[in-house]
Amino acid sequence: EKASRKDIHYSIKVPKQVRVKYEETNYQSGDVMIMNHEGDLEISCKSGDIRAENISGSVVMNTVSGDINLVFNGLKQEKPCSIKAISGDV
């Protein structure tokens, strides 16, 4: 039987102030969306877009071939932030 790839969508809810770390491990072009979060975010994608709205914690976001779009509701500068896209818009 021939193997096939299916789209899968996950929705994960966590407390607003926890640290979230996500790392995409393949080039299947999965997008990441984060909303209403106050904790630290560390997101790394190979070929997906990263979109975060209403965030206030420190961020480390990297994508190889995708866009990064962030909307802060405030920024706590207790820790450094890093936002990088190799072949995409920030």
Side-chain angles (χ1 to χ4, degrees):
E1 188 171 317
K2 188 175 182 181
S4 65
R5 297 178 192 241
K6 306 272 184 193
D7 288 341
I8 299 174
H9 301 274
Y10 294 102
S11 178
I12 301 169
K13 295 183 179 186
V14 297
K16 281 183 146 186
Q17 298 171 336
V18 300
R19 178 179 182 268
V20 173
K21 180 177 181 179
Y22 172 83
E23 184 175 352
E24 182 183 58
T25 57
N26 58 35
Y27 283 91
Q28 297 302 317
S29 189
D31 295 339
V32 176
M33 185 167 147
I34 300 129
M35 295 176 59
N36 306 319
H37 196 74
E38 298 173 4
D40 297 345
L41 296 169
E42 184 176 345
I43 311 295
S44 179
C45 291
K46 303 279 191 235
S47 62
D49 295 340
I50 302 170
R51 183 175 160 198
E53 296 178 3
N54 196 27
I55 58 174
S56 61
S58 69
V59 297
V60 175
M61 297 200 180
N62 304 294
T63 183
V64 175
S65 179
D67 298 335
I68 299 175
N69 185 355
L70 306 176
V71 178
F72 290 93
N73 69 4
L75 185 59
K76 300 173 187 169
Q77 285 294 301
E78 298 165 0
K79 299 177 184 175
C81 292
S82 173
I83 304 164
K84 296 186 283 187
I86 293 174
S87 179
D89 297 327
V90 174

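Just the heavy atoms: all of them, side chains too, but no hydrogens, waters or symmetry mates, feed the values below.
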- What's in the same ILVMFWY side-chain cluster as Met35, cut-off under 4.5 Å, chained through other members? Met33

- Query: Does Ile34 share a hydrophobic cluster with Val60, counting links as ILVMFWY side-chain heavy atoms below 4.5 Å and allowing steps through other members?
  - Reply: no

- Item | Atom of Tyr22, atom of Cys45 and distance for their closest heavy-atom approach | CE2-SG, 4.2 Å

- Query: At their closest point, which heavy atom of Pro80 faces which heavy atom of Ser58, and how far apart are they?
  - Reply: O-CB, 4.0 Å

- How long is the gap from CG on Asn54 to CG on Asn73, to the nearest 0.5 Å? 4.5 Å

- Query: Under the 3.5 angstrom rule, does the side chain of Asp31 hit a backbone N or O of Asp49 as a donor-acceptor pair?
  - Reply: yes

- Message: Could you check whether any side-chain N or O of Glu24 sits under 3.5 Å from a backbone N or O of Lys46, counting only pairs where one atom can act as donor and the other as acceptor?
- Response: yes

- Note on the structure: When rounded to the nearest 0.5 Å, the distance separating NZ of Lys84 from CE of Met61 is 13.5 Å

- Task: Spell out, as yes or no, whether a donor-acceptor pair under 3.5 Å connects the side chain of His37 to the backbone of Ile55.
- Result: no

- Residues at least two apart in sequence or cross-chain that pass side chain to side chain donor-acceptor pair (under 3.5 Å) with Asn69, listed by chain then number, are none

- Query: Would Ile12 end up clustered with Ile43 when hydrophobic side chains under 4.5 Å apart are linked, directly or stepwise?
  - Reply: yes

- Task: Mind checking side-chain contact (heavy atoms from CB on, under 4.5 Å) for Lys13 and listing every partner two or more places apart, or none if nothing turns up?
- Result: none

- Item | salt bridge (charged side-chain N to carboxylate O under 4.0 Å, His left out) partners of Asp40, counting only residues at least two apart | Lys79

- Message: Quick check for you: to the nearest 0.5 Å, what is the distance between Asn62 atom CG and Ser44 atom OG?
- Response: 5.0 Å

- With rounding to the nearest 0.5 Å, note down the distance linking CG in Leu70 to CG in Leu41. 9.0 Å

- Taking every non-hydrogen atom, the tightest pair across Gly66 and Ala85: O-CB, 3.8 Å

- Query: Is the backbone N or O of Gly48 less than 3.5 Å from a side-chain atom of Thr63, with the two atoms forming a donor-acceptor pair by type?
  - Reply: yes

- Message: Applying salt bridge (charged side-chain N to carboxylate O under 4.0 Å, His left out) as the test, list every pair that has at least one member in residues 61-71; sequence neighbours left out.
- Response: none

- Query: Can you list the steps and then say if Val64 with Ser87 is a side-chain contact (heavy atoms from CB on, under 4.5 Å)?
  - Reply: CA-CA 6 Å; Val64 175; Ser87 179; 5.9 Å; no

- Task: In plain terms, say whether Arg51 and Glu53 are close enough for a salt bridge, that is, a side-chain N and a carboxylate O under 4.0 Å apart.
- Result: yes

